[in-house]
Structure formats: C-alpha cells, structure tokens
Amino acid sequence: MEKADGADSGHRGTDHGARRAARADRPGGQAVREGCGWIQRLPGPAYRLALPGGGGQETVPPGDHCLRGSSVSERLGRGLLEHFEVVDYVVNGEGERPFAGLLEAMAHGRPAPEPSDVPGVFGRSVDGRVLGGGRSQLTRLDDLPVPDFDAYFQELRECSNLRTILPQVPVETSRGCWWHRAHSGRPSRGCRFCNLNLQWRGYRSKSPGRVADEIEVLSRKYSTLRFAFMDNVLNPARMGAMFEAIAGKDGDLDLFTELRVPVPRAVFSGMRRAGVRRVQVGIEALSTPLLEKMGKGTRTIDNVAVMKRCEEFDVENHSNLLLEFPGSDASDVAETLRVLDFVRIFRPLRIVRFWLGEGSPIAENPGAFGLSAVRNHPWYRAVFPGELAERLPLMVKTCRGDRERQRKLWGPVRDAVRRWRRDHDAWKRRFPCLPLLGYSDGGNFLLLRDRAVSSGAPKTYRLKGISRELYLACDEPRPIADLLREFPSISEVKIRAFLEDMTKKRLMFQEGDCCLSLATHENIRRFCPPPPG
Ligand code: SF4
C-alpha cells in the first residue's frame with residue numbers, strides 16, 4: 001500500500017455524498033492506491049478489517065482509496081465499488097494513464113472528480129451509483145520508464161533474515177495475448193479456460209533492444225541476475241531478436257518465461273543462451289482434438305517438440321496437463337494415454353484440474369460447455385461474511401456440470417502420470433546428466449541411445465546413410481509430404497516404412513501426416529549460436 005500525493009484529509013465517512021463533499025473541500029487530497037494481484041483479491045488486511053465485524057472502518061488508512069490490478073477489471077472492479085464503501089475508485093485494466101489522470105484531477109483543483117472525468121476509472125456519483133470505466137491504454141510500451149523496485153530492495157536490506165535471498169525481478173515485455181482476440185470486431189478466439197486478458201485490450205510488446213536494456217539496467221542497479229518474464233505470451237515475431245539482444249549483453253542471467261508453442265529450435269537455442277533456465281509452456285493437453293475444444297490453436301506434436309527442446313537445452317519444463325476440461329471424452333483420454341507413452345523420456349508434466357475463472361469464455365457461456373448454476377467458489381465464505389461471498393463478483397467459480405464424470409474419466413491419465421514421474425525419477429538417478437533418449441552424430445551415421453531402462457545398459461540404435469538424414473530432417477515437426485520432396489530418390493513406401501518403424505520403437509512421434517524425431521543431440525555444440533548467414 002502506498003500513499004501518493006497531497007495532505008491527509010483524515011476523512012473516513014461512510015456516506016457517498018458526504019465522502020464526495022469532503023473531498024471537494026480539500027483540493028490536492030490524498031490518494032491511497034492498492035494493488036490487487038491475480039491471486040490477491042483484497043489489498044491487505046485493511047479492507048478485511050473494514051468488513052462488518054472485521055474491526056471497523058476506523059482501521060482503514062485515511063484518503064481516497066483507489067484499487068488497481070489484474071483482479072479488479074470490469075465486473076470485478078465494479079463489484080468492489082458497489083459493495084465496499086471504503087473504496088472510492090477502481091482503475092479498470094491497464095493502470096498508468098488512468099491512475100495518473102486521477103491524481104492529476106485530484107491535484108489540480110478537481111478534488112472530487114466525477115468518474116467520467118477520467119477514462120479507465122470506475123467511481124461513484126454523488127447518489128452512490130457506480131459510473132465510469134472504459135479503458136485508457138498506452139500505445140507504445142517502449143514509452144514506459146524502467147520499473148523502480150527501490151522500496152522492495154530497501155525493505156530486503158532492512159530485514160536481516162532476508163538479506164541472503166536472491167530476489168527474482170519481474171520484467172514485462174508485452175501486455176495481453178496475441179492469440180486471445182475479443183472486442184476487435186473480428187471473430188473472437190482464445191483459450192476457453194483463460195481469463196488472463198481481462199486487464200488488457202489487444203496485444204502490445206516492447207522492442208527487443210528495449211527489453212535487453214531494461215534487464216541490463218535492473219541487473220546492475222539491484223545486483224541481481226534472476227528475472228521472470230511476466231508476459232501472458234511473448235511476441236513470436238520479436239522473441240528471437242529479443243533473446244539474441246539479451247544474450248549479447250554481459251551477465252550470466254537466470255531467466256524464467258512462459259511460452260506458447262510452436263517455438264522454433266533457433267529461437268529456443270537463443271533463449272537458452274540468453275539465460276532462460278525454466279519455462280512454463282501452455283501445453284495443457286496431449287490430444288489435438290482436446291486442444292481444439294480448449295480453443296488453444298495448437299497441436300500435440302508441437303507440444304511434444306517443445307518438451308524435447310527443453311530436454312535438449314537443459315531447460316526445466318514446469319508445464320501443466322489440464323485434466324477434466326468440460327466436454328472432454330473417452331477419445332481425448334485414449335489419445336492422451338497414447339502420447340504419454342512417447343513423452344515418458346521428457347520431464348513429467350504437472351497435473352492440474354480444470355477450474356472455472358471469472359470472465360473466461362467458458363464462464364461467459366457456460367451452457368455451451370454443459371455447465372450451469374455458476375457462482376462464486378464456496379471457499380470465499382472464509383473471507384467474506386454472509387451474502388457478500390455470493391453477491392460480490394469474484395475470480396474463482398463453481399458450477400454444476402459433468403465434474404464427477406470427468407474425474408472418473410481422467411483417472412487412468414492421473415495413474416499414468418504418477419508412473420511417468422516415478423520411472424522418470426528412477427531413470428534420471430541412473431543417468432543424471434544425459435538425455436534419456438539422445439543421439440550422437442557420426443557424420444554418415446547416428447548413434448541413438450535409449451536410457452529409459454530400469455536396469456542394464458541403454459538400448460542402442462545405429463542409423464546409417466539416408467536413415468540418418470531422414471531422422472535429422474524430422475528434428476522439427478515435418479509433414480511427410482515435405483520429406484517426399486526432400487528425398488525424391490526414396491520411394492514413399494520406404495519412407496513411410498522407416499517412419500513407422502521409428503514410431504513403433506518410440507524413437508519418433510507421429511501425428512496425422514506429421515512426424516518428429518524424439519532423440520536430442522548430446523553434443524555440447526548444440527548450445528552454440530548458428531553460423532552467420
Ligand atoms: S492461455 Fe495463454 S495463449 Fe491462451 S488465451 Fe490465455 S494468455 Fe493467451
């Protein structure tokens with residue numbers, strides 16, 4: 001909680017008109033702004049205390065209270081104004097311009113601005129109606145200043161027991177999601193479970209050089225090498241150049257980012273050289289029909305490819321497998337089990353169950369997914385008293401639907417992932433620094449080693465001549481038609497027979513008419529930048 005601007009009026013009234021009148025008496029009043037993160041619904045204990053029976057409103061800091069953040073956009077923000085007398089304004093969506101506008105209005109003789117005075121701000125009229133809203137976004141993210149974390153680092157220095165921690169600093173390279181499309185007049189699209197984009201309209205990203213400079217400035221200023229990209233999704237058109245620009249700076253960075261597939265090998269390689277050590281990829285499912293139901297716009301084969309890249313470049317993959325998506329069926333489960341048999345050589349995914357989020361496409365149209373009776377999750381009753389837990393628009397929802405059927409349906413996948421985890425741990429204990437399926441290139445032959453064995457030596461395969469070339473040609477997902485064009489001297493029958501044999505041995509993965517080699521290069525040269533040109 002931070003105070004911004006002006007003198008303390010000490011006003012703590014509870015009547016709308018009285019609050020506004022009091023503000024009108026004190027030009028240049030005080031604004032208290034509170035951040036509401038994605039998880040954090042209320043900005044600290046002050047508001048909790050303001051609840052009936054929670055300690056009384058006299059505990060709330062004086063001033064005009066303005067909330068902003070990812071969890072107070074649209075209905076969520078309006079609801080707070082409608083139910084919490086102590087909240088005066090809510091910034092709707094992106095905060096810089098609306099909050100600056102609000103401060104300016106308060107500081108320059110407009111001490112009690114009507115909400116409609118400041119685009120992007122919800123507020124109350126004299127008679128207590130919630131007004132305003134709309135959006136006011138920056139056009140260019142490069143115009144933003146480098147974030148200032150002085151207060152955080154000062155606090156760390158002051159806490160003797162925290163001095164040894166190595167903080168991870170957030171970096172924002174973009175806002176919104178280019179895949180999520182709503183409010184644009186064009187057909188909407190986006191992941192149907194996702195509500196991460198309530199805060200933004202459209203997609204914008206910083207230029208690659210700006211991101212690299214920002215990280216360099218923050219690293220030197222705060223003596224830290226650990227950064228986490230806060231983006232919903234990186235800009236695919238810029239991420240290659242961005243990671244090359246970061247890799248070109250001094251500093252052994254330790255980076256985390258989220259990713260959306262596909263990620264070409266060259267980009268992944270640059271990402272690793274820039275310092276990315278951990279990723280969370282929007283994998284969600286290992287069945288393309290299920291990915292379609294989810295609105296992901298991705299394919300299983302691209303998910304398998306990114307799991308392989310993580311293995312190849314020694315990047316920890318902390319991605320999820322989303323189970324119990326409404327409307328998923330036995331064929332989705334069967335396909336997932338089939339694919340799990342191929343990816344057992346990669347780091348296991350983490351299982352998460354579907355949950356319904358406010359503002360997600362499913363929550364907006366639950367009937368289309370067989371859901372009904374959508375309301376706030378009962379766990380909010382632990383925080384909000386009485387009816388408020390029902391009436392206040394809140395982030396996590398519960399509903400009626402096919403939940404129990406889904407739970408049973410996905411049981412075999414839960415068991416298979418448990419086995420995957422157990423086996424993978426055991427194999428990695430035997431071969432800690434090597435890929436479970438790796439290859440070494442002899443120039444005109446390949447040696448493949450399958451170390452996913454619980455005892456004895458790894459299984460070894462030798463691919464010679466054209467077999468080696470075909471295998472290497474499928475390092476990225478390749479349509480078979482491409483291979484037929486690239487290897488005109490080999491008959492289609494022979495190519496298909498080779499791919500079939502490799503797939504049976506779990507050395508390649510096939511989806512439809514597309515195939516992917518699963519073994520990763522073991523040679524250290526894989527980390528080298530590609531030769532110029
Ligand atoms: S899950 Fe990721 S890719 Fe999908 S709509 Fe949300 S932010 Fe975009």
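Note that the structure is predicted; figures quoted are calculated from it, not measured. As the structure lists them, so they are numbered: ligands from 1, and atoms in each ligand from 1.
Donor-acceptor pairing under 3.5 Å is recorded for the side chains of Thr503 and Gln510. A donor and an acceptor atom, one from each side chain of Ser269 and Arg273, are located under 3.5 Å apart.
Around atom 6 (Fe) of ligand 1, the protein atoms of type N, O or S that sit closer than 2.8 Å are Cys194 SG.
Ring geometry, Phe84 versus Phe384: the interplanar angle exceeds 60°, so the pair is classed perpendicular (tilted spans 30 to 60°). Taking the six-membered ring where tryptophan is involved, the planes of Tyr222 and Phe153 are essentially parallel, since the angle between them stays under 30° and well short of 60°.
Listed by atom number, the atoms of ligand 1 under 4.0 Å from Arg260 heavy atoms are 3 (S).
Aromatic rings from Tyr89 and His65 are positioned such that their centres are separated by 6.0 Å or more.
Remark: the backbone N or O of Ser207 is paired with a side-chain donor or acceptor of Asp142 at under 3.5 angstrom.
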